[in-house]
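We use all heavy atoms of the structure for the numbers below, so side chains are in, but hydrogens, waters and symmetry mates are not. We name chains A, B, ... by the order of the sequence lines, and we start the count at 1 in each one.
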Protein chains: 2
Amino acid sequence: MDDRTGHRTVPQTNLRSATRYGTRPTMKDVAARAGVGLKTVSRVVNGEPGVTPETERRVQEAIEALGFRRNDSARVLRKGRTASIGLVLEDLADPFYGPLSRSVEEVARAHGALLINGSSAEDPEREQELVLALCARRVDGLVVIPAGDDHRYLEPELKAGVATVFVDRPAGHIDADVVLSDNFGGARDGVAHLVAHGHRRIGFIGDMPRIHTAAERLRGYRAAMEDAGIPVADSWMSLGVTDPERVRRAAEEMLTGRDPVTAIFAANNRVTVTVIRVLAEQARRVALVGFDDIELADLLQPGVTVVAQDAAAIGRTAAERLFRQLDGTLVTPERIELPTRLITRGSGELPPAD
Amino acid sequence: MDDRTGHRTVPQTNLRSATRYGTRPTMKDVAARAGVGLKTVSRVVNGEPGVTPETERRVQEAIEALGFRRNDSARVLRKGRTASIGLVLEDLADPFYGPLSRSVEEVARAHGALLINGSSAEDPEREQELVLALCARRVDGLVVIPAGDDHRYLEPELKAGVATVFVDRPAGHIDADVVLSDNFGGARDGVAHLVAHGHRRIGFIGDMPRIHTAAERLRGYRAAMEDAGIPVADSWMSLGVTDPERVRRAAEEMLTGRDPVTAIFAANNRVTVTVIRVLAEQARRVALVGFDDIELADLLQPGVTVVAQDAAAIGRTAAERLFRQLDGTLVTPERIELPTRLITRGSGELPPAD
DNA sequence: TAGAGCCTGGACAACGTTGTCAGGCTCGGG
DNA sequence: CCCGAGCCTGACAACGTTGTCCAGGCTCTA
C-alpha cells in the first residue's frame with residue numbers, strides 16, 4: 001500500500017483531455033460567442049423573460065454552433081432540487097416490476113422528473129448502498145421496494161425532506177408511506193376459492209416468512225383454512241423455497257407424500273411457473289391458484305387461475321403520493337392497501353382428484 | 001402472527017414536517033462540529049490518506065451525528081465525471097427489456113456506476129428529449145435503443161466524450177457502436193425451418209419496415225422464400241401492424257383468404273402472442289415460428305417454436321463496450337451482431353394442413 | 001426637454017465539493 | 001540545541017449555474 005505519491009491520475013487525464021474529453025462549452029463560452037453577458041445566456045436557456053428577440057436569436061445561434069448543453073449538476077447545486085426520483089426494486093428482470101417501474105416513470109415524467117433506478121437483488125446491504133447513493137445524488141424522492149427490514153438509516157434523509165414511499169412491503173422501524181396489495185385478503189380469497197371447489201388438502205408454497213408479502217400470504221392461507229375448519233398439516237406447507245429446483249421438489253413431495261394434496265396455492269409468480277411445469281407432468285389433475293398474474297396464463301391447458309395484483313396501479317399510486325409529499329399536500333404517512341382480483345381460468349376450478 | 005391491523009405509530013410526523021425543507025448538513029457543518037478544517041472532512045469522506053485515526057474518529061462521529069451525506073452534484077461539478085450511465089429504451093414493461101436493462105445495470109454496478117433510465121415509447125421526439133436530459137445531467141455514457149432514425153443531435157455529445165452504444169437498431173446518420181441481434185439471419189433460419197417442414201404458403205406479420213429490426217426480419221423472410229424458390233404473395237405479408245386487434249385481423253385474413261397460409265412467421269414477441277391466441281381458435285393446425293422467446297412457450301399446446309434473442313447478452317455486450325470506450329480502450333465504432341438461436345418446441349414442426 | 005419609469009443586460013456572490021499549496025507540528029540526526 | 005524532513009492540517013480558488021442587484025438606455029408624459 002505505497003500510496004504516498006499523488007502522481008497516479010496525471011497521465012490519464014492528459015491523454016483523455018487530448019482525445020476524448022474535450023471540455024464542453026459553458027454558458028460563458030456561449031456568452032462570449034454571442035457577444036452578450038453570462039446571465040443573458042442563462043435567461044435564454046431557461047426561457048426567462050426580459051430578452052430581446054434579436055438577442056435571443058444570437059444566443060440560440062451560439063448555443064447551436066457550440067453544441068452547448070446546460071450542466072445540470074451546477075444547476076442542481078444552485079437550485080437544490082434535482083427533478084429526479086429514485087426507484088429501488090428487487091429485480092428489473094422480474095415481470096412484476098416492469099409495469100410497476102413503467103408506471104412510476106410515467107408519473108415522474110408528468111412531473112418533469114427523471115427516474116434513476118437500481119436493483120437490490122433482495123440484499124438489504126445492497127438496498128442501503130443504492131438508496132444512499134441516490135440520496136447523495138440528491139434525488140427529490142425515493143420509491144423503495146424494501147429488501148431489508150430496518151430503514152432507520154433513512155432518518156436523516158426523511159428529515160432533510162426526501163420524499164419517500166415504500167412499495168410492496170412496509171418500512172422497518174421508521175414511519176413512512178407504504179403502498180401494497182392486500183396480500184392477506186388476496187391469498188385468503190384464493191385459498192377459499194379452492195375450498196369452495198371441494199378441496200380440503202391444499203398445499204402452500206411460498207417464500208421465507210421474514211419477507212412481509214410471504215408472511216401475509218401465508219397468513220391468508222391459514223385464515224382461509226381455519227375459516228373452513230380444516231386443520232393444516234405441516235407437510236402441506238413449504239416456506240422459503242423460491243429457486244425452481246427446490247420448488248419442484250417441494251411440489252412433488254406434497255403430491256406424493258403420505259397425505260397428498262389435491263390443490264396447490266402458489267404464493268408468487270416464480271413459484272407458480274414452476275408448479276405449472278410440475279403439474280403438467282402429473283397423471284392426476286391437481287388444482288392450482290397462483291398469486292400474481294402471469295403472461296399467457298389463459299392459453300395454458302387448463303388456464304391458470306390467479307390472484308392478480310395491479311402492478312401498474314401500485315406504481316402509480318406510490319409515485320403520486322411521492323409527488324404529493326413534495327408538493328406539501330401530504331404530511332401524514334399512511335398505509336395504502338390495493339385490492340387484488342381473482343381471475344378464474346380453469347386450474348382453480350378443477351375438482352379434487354384423489 | 002397477531003399484527004393484523006398494521007397500524008402505525010406516529011411520533012415523528014411533526015418533526016418531519018417541521019424540518020421538511022431543512023437544509024442538509026454540509027462538510028462545513030461537519031468540520032465545525034468536529035473542530036477540524038473543511039478539507040480534512042473531505043479527506044475522511046473520500047478515504048484519502050493523511051488523517052490521524054483520532055481526527056478521523058472525531059469526523060466520523062460528527063458525520064454520524066449530523067446525518068451528513070456528501071452532495072454528489074457538487075462533487076460532479078468539481079470532478080467532471082458522474083459515475084452514472086443512461087439507458088433509453090422503448091418500454092420498460094416489455095419483457096424483452098427487463099433482462100436487457102438488468103444486465104446493463106449489472107455491468108454498470110461492476111464499474112461503480114448508477115443507471116438512469118427512461119422509456120421513449122417509440123417516439124423519436126421523446127427519445128431525443130430523454131437523451132438530452134441525460135446529457136444535461138452529464139451521464140458518462142449512454143445506451144440507447146433508438147426510436148428515431150436521425151441521431152445527429154448527438155454529435156456535440158460524442159465530441160464531448162459521452163460514450164455511446166446503440167442497441168437493437170443502428171444509429172441514424174452518425175458513426176457509433178451498435179450491438180444487435182442477427183435479425184436477418186434469425187428470420188431467414190426461422191422461415192427456412194418452416195420450409196424444411198414442407199410449408200410453402202408462409203405468412204409474415206411484423207412491424208413497419210421503417211423500423212430496422214422489422215425490415216431486417218422481413219428481408220430474412222424474403223431471402224428464405226427466395227432460397228426455396230417460392231414466390232411470395234402480397235396477401236401473405238402484413239407490415240406495420242402491432243396492436244393486438246389489427247394483428248388478429250391480419251392473421252385471420254391470411255388464414256381464410258384466397259390463398260390461405262399453412263404457417264405463420266411472427267416477427268416479434270407481441271405479434272407472436274396474439275397469433276397464438278388466433279391459432280388456438282382455429283380448427284386447422286397452423287404452424288408458427290416467432291421471433292423473440294416468450295415465457296412459458298414450452299408449456300403451451302403445441303410448444304411455441306421461436307427464434308430467440310439473448311437480451312441479457314446484448315445488454316451486457318453493449319454496457320461493456322460502453323465502459324471500454326470510457327477507459328479509452330475502444331476507439332473505432334463497430335457493429336456487433338449477436339447470433340440468434342432457433343428453439344424448436346412443436347409449433348414450428350407441424351406439417352402443412354390445407 | 002427633462003424627469004420618471006420600464007426594459008434589457010451584466011457584474012458578482014453563492015451553492016458544496018475537491019485540488020493546490022503552504023504552514024505548523026513532531027521527530028531524529030548533526 | 002538547531003535544522004531539515006516528513007506528516008497533518010487548513011486556507012483558498014475553482015467547477016458552471018442561478019439569484020440579486022444595479023447601470024444604462026429607452027419610451028412616455030408633463
(message) Does the protein touch nucleotides 18-25 of chain C at the base, only the backbone, or not at all? Give it as B, S and - per nucleotide, heavy atoms under 4.0 Å.
(response) BBB-----
(message) With salt bridge (charged side-chain N to carboxylate O under 4.0 Å, His left out) as the rule and sequence neighbours excluded, what pairs involving residues 103-117 of chain A come up?
(response) A:R102-A:E106, A:E106-B:R126, A:R109-B:E129
(message) Show me the pairs that pass salt bridge (charged side-chain N to carboxylate O under 4.0 Å, His left out) and involve residues 38-53 of chain A, at least two apart or across chains.
(response) none
(request) Select from A:T26 and B:G37 the residue whose nearest nucleotide in DNA chain D is closer to the 5' end of that strand. (result) B:G37
(message) Holding to side-chain contact (heavy atoms from CB on, under 4.5 Å), I want the full list of residues that pass it with A:T82, two or more places apart in sequence or in another chain.
(response)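 Scan of A:T82 (side-chain contact (heavy atoms from CB on, under 4.5 Å), adjacent residues dropped) gives A:V76, A:S84, A:R138, A:D140.
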(message) Test of understanding: with side-chain contact (heavy atoms from CB on, under 4.5 Å), list the residues that count as partners of B:A312, not counting sequence neighbours.
(response) B:S103, B:D310, B:R316
(message) Within residues 52-68 of chain B, which residues have any heavy atom lying less than 4.0 Å from an atom of DNA chain D?
(response) B:T52, B:T55
(request) Would you list the pairs meeting ring-ring contact (aromatic ring centres under 6.0 Å, His included) in which at least one residue belongs to residues 52-94 of chain B, sequence neighbours left out? (result)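 Qualifying pairs: none.
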(request) Under the salt bridge (charged side-chain N to carboxylate O under 4.0 Å, His left out) rule, collect the residues that match up with B:R75, sequence neighbours excluded. (result) none
(request) Identify, with sequence neighbours excluded, every residue that meets salt bridge (charged side-chain N to carboxylate O under 4.0 Å, His left out) alongside A:E320. (result) none
(message) So, using ring pair (Phe, Tyr, Trp, His ring centres under 6.0 Å) as the criterion, who are the partners of A:H111 when residues are at least two apart?
(response)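 Partners of A:H111 by the ring pair (Phe, Tyr, Trp, His ring centres under 6.0 Å) criterion, ordered by chain and then number, come out as A:F323.
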(request) For the helix from C:dT1-D:dA30 to C:dG30-D:dC1, figure out the bend between the end axes, five pairs an end, and round to 10 degrees. (result) 60°
Return the value, rounded to whole Å, for the distance between atom [atom1] of [X] and atom [atom2] of [N].
X	N	atom1	atom2	answer
A:R137	C:dT17	CZ	C1'	14 Å
B:D72	C:dT17	CG	C1'	10 Å
B:N71	D:dC15	CG	C1'	13 Å

(request) Salt-bridge test for B:R169 and B:E122: reply yes if a basic N is under 4.0 Å from a carboxylate O, no otherwise. (result)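 Yes, charged N to carboxylate O under 4.0 Å.
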(request) Decide, yes or no, whether a salt bridge links B:R33 with B:E61 under the criterion of side-chain N to carboxylate O below 4.0 Å. (result)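 Not counted as a salt bridge, because no side-chain N and carboxylate O are separated by less than 4.0 Å.
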(message) With side-chain hydrogen bond (donor to acceptor under 3.5 Å, both in side chains) as the rule and sequence neighbours excluded, what pairs involving residues 142-151 of chain B come up?
(response)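 Residue pairs with at least one partner in residues 142-151 of chain B: B:E127-B:H151, B:D150-B:R152.
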(message) Under 4.0 Å, heavy atoms only, any strand: does A:V76 hit a base, just the sugar-phosphate, or nothing?
(response)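 No contact at all - A:V76 keeps every heavy atom at 4.0 Å or more from the nucleic acid.
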